[in-house]
Amino acid sequence: MKALILPVTRSNWSTTKGYELADVPAPTLNETKDPADAERVLLEPIYSGVCGTDKGIWFRKAFREGILHHLEQDKRDYFVMGHETLARITELGSAVKKAGRFQVGQVVSAESHIYCGVCEMCRAGNQHVCANERIIGVTWDGVFAEKVKLPANVLWPTDLDKIRPEVAAAQEPFGNAVHVCTPNMLGSNLKDSEMRGKTVAVFGCGTIGLFAILIARAMGASRIIGVEPNPKNKAKALSVGADKVIDP
Ligand SMILES: [Zn+2]
Ligand SMILES: [Zn+2]
């Protein structure tokens with residue numbers, strides 16, 4: 001299959017740039033070889049988004065140790081990049097099939113953190129900071145490819161009658177913004193938001209910050225101040241409803 005890969009080593013990390021369009025073996029589900037595949041699915045990305053993280057890796061300014069460590073641990077030469085996606089399920093592992101939550105042909109998005117489920121952080125409900133985490137498109141083959149293999153527990157069922165597909169592909173960064181706007185709110189009612197009637201500062205008005213402005217407003221913030229140096233992002237922050245944007 002065609003994929004955008006990051007073929008790096010410890011010695012060429014700082015002298016290379018960008019990704020490589022390559023023909024690589026497509027992922028398969030093989031439960032005899034890897035029993036964990038029972039809990040995974042194969043998908044074909046429909047739309048994938050480009051995140052600031054992708055840009056950071058492109059210029060070799062992000063995730064150096066994480067990527068090199070996991071490549072060495074897995075004895076691999078590359079990871080496939082990309083973690084924001086809307087994708088169609090093409091095959092289910094046996095346990096996923098049995099659980100009945102997902103079907104072949106179903107359209108889903110995905111949470112980008114692949115977690116172990118047994119470490120202290122996972123048990124405390126903080127799977128996004130799992131001690132053994134892999135990140136899709138960083139330390140786990142990602143979605144800038146014709147096929148991707150993901151654990152079913154990171155999939156996010158998506159109803160295309162309610163959201164346009166190209167927008168649905170941005171649910172992962174949107175989820176980050178929801179997370180920052182809802183501290184200590186797991187399981188509670190959104191109308192009890194701590195934002196209601198408050199002045200809220202949003203530090204950084206890139207994609208997630210812009211989403212955070214919209215969410216904070218929807219959750220009742222009375223005044224929203226963006227903190228952002230980039231003139232383009234400043235203008236966008238004002239256009240999505242920030243009352244004021246100041247330099248950091
Ligand atoms: Zn991202
Ligand atoms: Zn964990």
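Note that the structure is predicted; figures quoted are calculated from it, not measured. Every number for a ligand or one of its atoms is a count from 1 in the order of the listing.
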Point to revise | Test side-chain hydrogen bond (donor to acceptor under 3.5 Å, both in side chains) applied to Ser14 and Arg60, step by step | key: CA-CA 7 Å; Ser14 52; Arg60 307 295 187 264; over 6 Å; no
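In terms of modelled atom types and a separation under 3.5 Å, the side chain of Glu228 and the main chain of Cys205 share a donor-acceptor contact.
No hydrogens or angles considered: a donor-acceptor pair under 3.5 Å links the side chains of Ser48 and Thr85. Donor-acceptor pairing under 3.5 Å is recorded for the side chains of Thr158 and Gln171.
Around the Zn ion (ligand 1), the protein contributes the following N, O or S atoms under 2.8 Å, ordered by chain and number: Cys51 SG, His83 NE2.
Neighbours of the Zn ion (ligand 2) restricted to protein N, O or S atoms under 2.8 Å: the count is 4.
Nearest heavy-atom pair, Ile215 versus Ala177, reported as atom, atom and distance to 0.1 Å: CD1-CB, 3.6 Å. Shown here for Met121 and Cys130, the closest heavy-atom pair between the two residues is CB-CA, 4.2 Å.
Enclosure of atom NZ in Lys149 by more than 12 non-hydrogen atoms of other residues, nucleotides or ligands within 6.0 angstrom is indicated.
The salt bridge (Lys or Arg N to Asp or Glu O under 4.0 Å) analysis of residues 42-58, with sequence neighbours excluded, yields no pairs. For the side chain to side chain donor-acceptor pair (under 3.5 Å) condition, the pairs that include at least one residue of residues 198-219, sequence neighbours left out, are Arg217-Asp243.
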